[in-house]
Protein chains: 2
Amino acid sequence: MNRSAQVLATKLRTLSSLSAGDLELIDRVIPPASHYEARRDLIREGEVPQYVMLVVQGFACRYKTLRDGKRHLVALLLPGDCGDLHAPLLDHMDHGIATHTACLIAKIPREGVLDMLESPALEKALRRSTLVDEAILREWLLNIGQRRSEERLAHLLCELHHRLRAIGMAGEAGYDLPLTQAELGEIAGLSTVHVNRVVKELRRRELVYLRRGRVEIPDPRRLAWLCGFNANYLHQLAEAGTFS
Amino acid sequence: MNRSAQVLATKLRTLSSLSAGDLELIDRVIPPASHYEARRDLIREGEVPQYVMLVVQGFACRYKTLRDGKRHLVALLLPGDCGDLHAPLLDHMDHGIATHTACLIAKIPREGVLDMLESPALEKALRRSTLVDEAILREWLLNIGQRRSEERLAHLLCELHHRLRAIGMAGEAGYDLPLTQAELGEIAGLSTVHVNRVVKELRRRELVYLRRGRVEIPDPRRLAWLCGFNANYLHQLAEAGTFS
DNA sequence: GGAACGACTTTACCTATGTTAACGGTTTGC
DNA sequence: GCAAACCGTTAACATAGGTAAAGTCGTTCC
């Protein structure tokens, strides 16, 4: 099974169980990935989407830009995540997608997507995946709209912990996070300086140690409690390696 | 054609053109609506979705609640809007849906949705509709994350103007908006007091007159300019009665 | 017609967060 | 091996927006 297919399969398995046939189908349909450097646009706002992008390795993001150049990340795409299945239905993108770190990206042609949707189990997994993407958007909206900076960052770190654990990219108490503090700010709607203040405070309270692309969370449940994190909205299957 | 079907057809026509056959199909599939009073839960967080809700009349909303009771509206459902097509794929709701004003709501059974998805034109319209819902979520995230209170409210009012115009519920320069200032705050992530400050300022600058459930916008383009509003993300068909 | 209620207003005060600017440490490129 | 760039850190200061409380106005209900 090629690498791209494997990554997608891992992700989809966190949402629905797949048969051997499904795996073969994925393998047949997913093209090999190509390499992109960090901070490259994969598609810009206003352009016409042709493929469904699948992140095979690295972190990518969806972003929107304001007139004054301020940018806001509206989604993080982790390995196994992909763009909207039906994006090609729209005439133009209302946001951009860019790599964050260096990435491997597979471009799935529209027919490939349609083939996968033929399998009931795959259809279920793919549709659940888009529902979860939407649920994450809602949670981010709540996060920015109602929580104060400390809970806000904590919540984001909890979410990433869960999502990365589900795909085997995080341990019990930490994970690699290739995001600068400025970038965390672009997600959380905070200035770099303030992100730094919060990170410092979280460290002082021994809740999170964040440094050089690595996050350590000595007591995940304590952190989750602090920010009211509840993983329900990720709709992960119970087996998918989450801690309760 | 029954009322519920008509409202849905109006909405879907803003996204894709429909044939006579499509209209008949809608008419056959959409059940009559029932009446709900204002501020009633249609479905609560944690419950299992059974139907796809269609708002026929009135305003409804999606909301999420925090431990401390603070609520945040994560979507406004206007007449013709409906819940996620595939929501029944999820085990439980990660947010609630409630009426805002008194509403007429039609509950579309799952098979009805599947029937509609059989028609290519309807499928296109319905899928575009869910893509637009997601696009609105992203725009709201940007709105709250990056814009200051004045632009933020202005942007929200512009969006509602466009959405309501598309379904024939707004004129060139105004519309009825049955939301209190407190509720606008729950959408924009602002306190009631601050919403009031902003409303006052917008009035002083002759940009928006907001009073008793009615919004008057003397110069929509000036308002749109102020807050950088660009309707692209609504992906409305050109004919759908939007002002340029 | 008066009481009760809800929405809207305003004031005074407080604080979370933004802004600007500067400095030190690491990594990267030549 | 040095310079440049980038990132993280901190300080001083500015301000947008939150909170609490009270008053006004219009509507609804008896």
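So that the names make sense, note that chain A is the first sequence line, chain B the second, and so on, each numbered from 1.
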I want to know whether A/His95 and B/Tyr233 have ring centres closer than 6.0 Å. no

Which comes earlier along DNA chain D counting from the 5' end, the contact point of A/Leu179 or that of B/Glu150, where each point is its nearest nucleotide? A/Leu179

Under 4.0 Å between a side-chain N/O of [X] and OP1 or OP2 of [N], yes or no?
X: B/Lys200; N: C/dT10; answer: yes
X: A/Asn196; N: D/dT9; answer: yes
X: B/Ser149; N: D/dG17; answer: yes
X: B/Gln181; N: C/dT9; answer: yes
X: A/Arg212; N: D/dC6; answer: no

Write down the distance between [atom1] ([X]) and [atom2] ([N]), rounded to a whole number of angstrom.
X: A/Glu151; N: C/dA16; atom1: CD; atom2: P; answer: 12 Å
X: A/Arg197; N: D/dC13; atom1: CZ; atom2: C1'; answer: 11 Å
X: B/Leu202; N: C/dC8; atom1: CG; atom2: C1'; answer: 16 Å
X: A/Leu190; N: D/dG17; atom1: CG; atom2: C1'; answer: 15 Å
X: A/His194; N: D/dG8; atom1: NE2; atom2: P; answer: 16 Å
X: B/Glu186; N: C/dA7; atom1: CD; atom2: C1'; answer: 14 Å
X: B/Ile144; N: D/dG17; atom1: CD1; atom2: P; answer: 12 Å
X: B/Arg204; N: C/dT10; atom1: CZ; atom2: C1'; answer: 17 Å

Is [X] touching bases, backbone alone, or none of the nucleic acid, heavy atoms closer than 4.0 Å?
X: B/Gly189; value: sugar-phosphate
X: A/Ser191; value: base
X: A/Val193; value: base

Answer yes or no on whether B/Arg71 is positioned over the face of B/Tyr63, meaning its NZ or CZ is under 6.0 Å from the six-membered ring centre and within 45° of the axis. yes

Answer yes or no on whether A/Arg67 is positioned over the face of B/Trp225, meaning its NZ or CZ is under 6.0 Å from the six-membered ring centre and within 45° of the axis. yes

Side chain B/Arg152 and base D/dG17 donor-acceptor under 3.5 Å: no

Tell whether B/Arg211 reaches the base of D/dG26 with its side chain through a donor-acceptor pair below 3.5 angstrom. no

Between A/Glu201 and A/Arg197, does at least one N-O distance fall below 4.0 Å, as a salt bridge requires? no

Starting from the 5' end of DNA chain C, give me the residue, A/Arg148 or B/Arg148, whose nearest nucleotide shows up first. A/Arg148

Between B/Arg40 (side chain only) and B/Ala38 (backbone N and O only), is there a donor and an acceptor less than 3.5 Å apart? yes

